[in-house]
Structures are given as C-alpha cells and as structure tokens.
Amino acid sequence: MIRVLFFARIREQLDCASMELEWSDAVRHTEGVRAALIAQGDARWEAALLEDNIICAVNQQVVTAEIELSDGDEVAFFPPVTGG
Amino acid sequence: MIRVLFFARIREQLDCASMELEWSDAVRHTEGVRAALIAQGDARWEAALLEDNIICAVNQQVVTAEIELSDGDEVAFFPPVTGG
Amino acid sequence: MANLAVSVQEHDFDPGQLQEALLAGASEEGAVATFTGYVRVNNDDRGVSRMMMEHYPGMTEKSIESTLNEATQRWPLIAASVVHRIGELTPGERIVWVGVSSRHRGASFSACEYIMDYLKTNAPFWKKEIGPDGEHWVEARDTDTDRARRWAASE
Amino acid sequence: MANLAVSVQEHDFDPGQLQEALLAGASEEGAVATFTGYVRVNNDDRGVSRMMMEHYPGMTEKSIESTLNEATQRWPLIAASVVHRIGELTPGERIVWVGVSSRHRGASFSACEYIMDYLKTNAPFWKKEIGPDGEHWVEARDTDTDRARRWAASE
C-alpha cells in the first residue's frame, strides 16, 4: 500500500487530504503514483498533479527525480512552501 | 584653552584622565597638541602619545589626519576600541 | 555537540524566555542572534484580517532538524532553536522564532540567517491569508529561493 | 523615519522587554533581528573573573547614533535600538543588545550585523579583564576590523 497525502492549495483543489493506493507494479515509482492518481480522478486531478512547480516528497523527504518506492511508503504532493 | 582627555590603557600609562592646555599658536592643530603634551611630560608621555595605533578624536569625532583646532575644542587620545 | 531544539506549536511564544532557554546549561557563549517573524498587517497591499498556517506533521520537524544539523556542520554553534506556529494567526502576532548561540558573533549571525532562509524554502508550511476580499494561498517568493541559493553558492 | 534609540547604562537589561519596546507604536513590521553579547567565561583561554567596561561619555552615544543613522540610509528599517553596558561586569552577564525591525527579514539581518560590526570598531568602549593572573586591557581584534571593512567594500 502507498499512502498519499496532499497539502494546502493542492489539497483544496482535489478536496482530498489523503488516500491509499494498493501496492502493485504500477506504483513502484513516484511517476507511477502520479499516473495512478490522475487515472482515478477527474480533470482537476490531472491539472493539479501536472503543475510545473508541484513538489513531491517520499517518506517526508523532497524528491526531485523519479524514485523507486516500497510497499508502505508515504508519498506527498504539495505546492512550494510559504512558512516563516 | 584646549581640553585634553585620555582613556583606557593610555589614561593608566599617563596616570591622567584629563588636562587643559592654554590656547596658543602652538596648539592650533592636533599635532601641536601632541607635541605640547610630550614636551610637558616625561618619557612615558612620549612613548604613549607616539604609539602607532593611538587614536585621536576632536570634539568627539575621530580624526585620521592633522586638523586645525579652535579655542575651546576637546581633544582625546585613546587606544583601539574594544566594546560590544 | 550543539544543543538543538524544534517546536511546531499552535500557542504563542515569548522571545525573552526562548533566549533564556537557549542559554540554559551552557556557559561559553559570547553571542546570541535571534530572529522573530510577525504576521504583517498589510501584506503586499492586501488587507489581511487573519491567516491560517498549514503544515505537514512529521516532515516539518524533520526538515527543520535537518537544517539545524547542516548549520552546526557549517559553523561552531553552541545551541540553536526554532519555534514555528501553526493554525490561526492574526496580524501583529509572532509566527516564527530562530535563536542561535556561539562563542563569536559571526557564527550566530550567519547561522540564524541561514536557518531562516532554509526554513522559508524547505520546511513544509503553507500560509493562507483571509481578508476582506476572501481567502487565498500565499505564493512562494522568488526572492526567498534566491536567498537560500546564496548559501549553496558559498559552499 | 525610523525610530532610533541608544542607551549606555550600568544596569542590566531584559532582551524580551527591549524587543517589545522596539515594536511599540509600529505595526508594519514582519521581521525583528536581535543580537545579544555576553561576557565569555573563558576568553582566549585566560580565566576572567570580572570585567570593567570604560567609555567616552558623549562620544559613545554620538558614535552609535551615527551608526544607526547610516544603517537607516542603507536599509528600509522601521526601528533600531542599541543598549550597551558600562562599569563592572561578570562572566555570563549581558553586555550589549542590538535590535532592528523591518518589513522583510533581509534588511533586519543585515542592519543588525552592520550595527554590531561598526559598534565593535567605532564606539569608544574599552574592556579591561580582571582574572587570577591580574588585570589587562583587551586588545582590539583584527577580525573585527576586517568585518567592518566588508561593509565599506559593498558600498
């Protein structure tokens, strides 16, 4: 299973804070997760998840290239951060 | 009259915090004041006032070149500062 | 080893008390640099009546801890601490506090600014401003990214 | 016009209260940077049991005011304040506090460091350390002069 989290503007656009994807070959890497999320949603999902500056984190670490996942990993998508 | 002040190590070396020099042509500029002070003191005065890194201030502003004085001016000699 | 602390919290904090806590247990420091960030009353000419600060629980703390660890690699620090608020905030309220202690001031100043620059660009917080014209998510500023990049260039 | 304040005093100060005072009357700030200097317990490997801070009354205040004015020319500051102690001080005690407020953090950080660097090299204070081996005047550090020169080079 892959746990997927969404934050801030992305969370509001998708009206979804978190969901779970069953573990399968299709979600063995981050781009697979993105594709699976787009496939299961409507046009809002495609627009939100293909945004240029969307950030992806795996197990709470930002990743800048596609990486391999393991069953149980946590994947998050969020806009550029604006704290401080 | 020129009021002369000494601070910190220089004050201790000279055992003098302040003195007054009568206004005269001899003390119309900062180097004249320095010469007058050396002339009226012993070897300690010459050693202290000719030190390389001694700082001179006129009316509470540091001066880095010889400048002209007026009757009533305040001249100070002190070592490099070490506050903060 | 430098003393490091991170707190992500809803409640307000007291900069004076945080500075005292930063010094607790150490005696070699000559310098403490701090930064406090406040909710501006008039952010970019839009009236802001309140703000919601969202975060990614768990990752936030890890990200700040990692920034503090990197700071201790770069400078000889005695202690460093970050407090960041979440939830609802109103104009004039404190949002973030960074405090750094060291023997000499150069390390404290540089590390404090470094920590703020990395926190701004790396820690997963998101501000939503709520004003008379409705609510909107604050956009990331290029100047923040540029500030953080300076440190990479000077590595 | 920025709000500027200078105090040269024998008594201790409270960094938290000074930060509150810095903010009093203004509402536009987003950033406050502060610096606190302490008497180090073990300065350059000599034990220090106490310290006497001498100054040049009148010139000290003028020199710090002039540094604050220069800082407001360089950066868009809302307020800046310096407190510096004189007289007898013991290890661990606070010596100096600098606080700067501005809308954005870059100006506060830079101005706070600039003020400390100029205060260190220009304000007429002199430290005498008194320890088990007797007393001696602290020598000026070349690194302080170098730090102050950086600002001239970036003018």
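Per chain, numbering begins at 1; letters A, B, ... match sequence-line order.
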Which portion of C:L23 sits near chain D, non-hydrogen atoms under 4.5 angstrom:
side chain
Can you tell me which portion of D:E20 sits under 4.5 Å from chain C's heavy atoms? Options are side chain, backbone, both or neither.
side chain
Short question: side chain of C:R40, backbone of D:R103 - any donor-acceptor pair under 3.5 Å?
yes
Closest non-hydrogen contact found for C:A31 with D:Y38 is N-CD1, 4.4 Å
Of the listed C:R147, C:R105, C:K120, the one with the largest count of heavy-atom pairs under 4.5 Å with chain D is C:R105
Could you tell me which of D:L18, D:I95, D:V98, D:D117 has the largest number of non-hydrogen atom pairs under 4.5 Å with chain C?
D:D117
C:Q19 portion near chain D, given a 4.5 angstrom heavy-atom threshold
side chain
Between the OG atom in D:S108 and the CZ atom in C:F35, the distance rounded to the nearest 0.5 Å is 6.5 Å
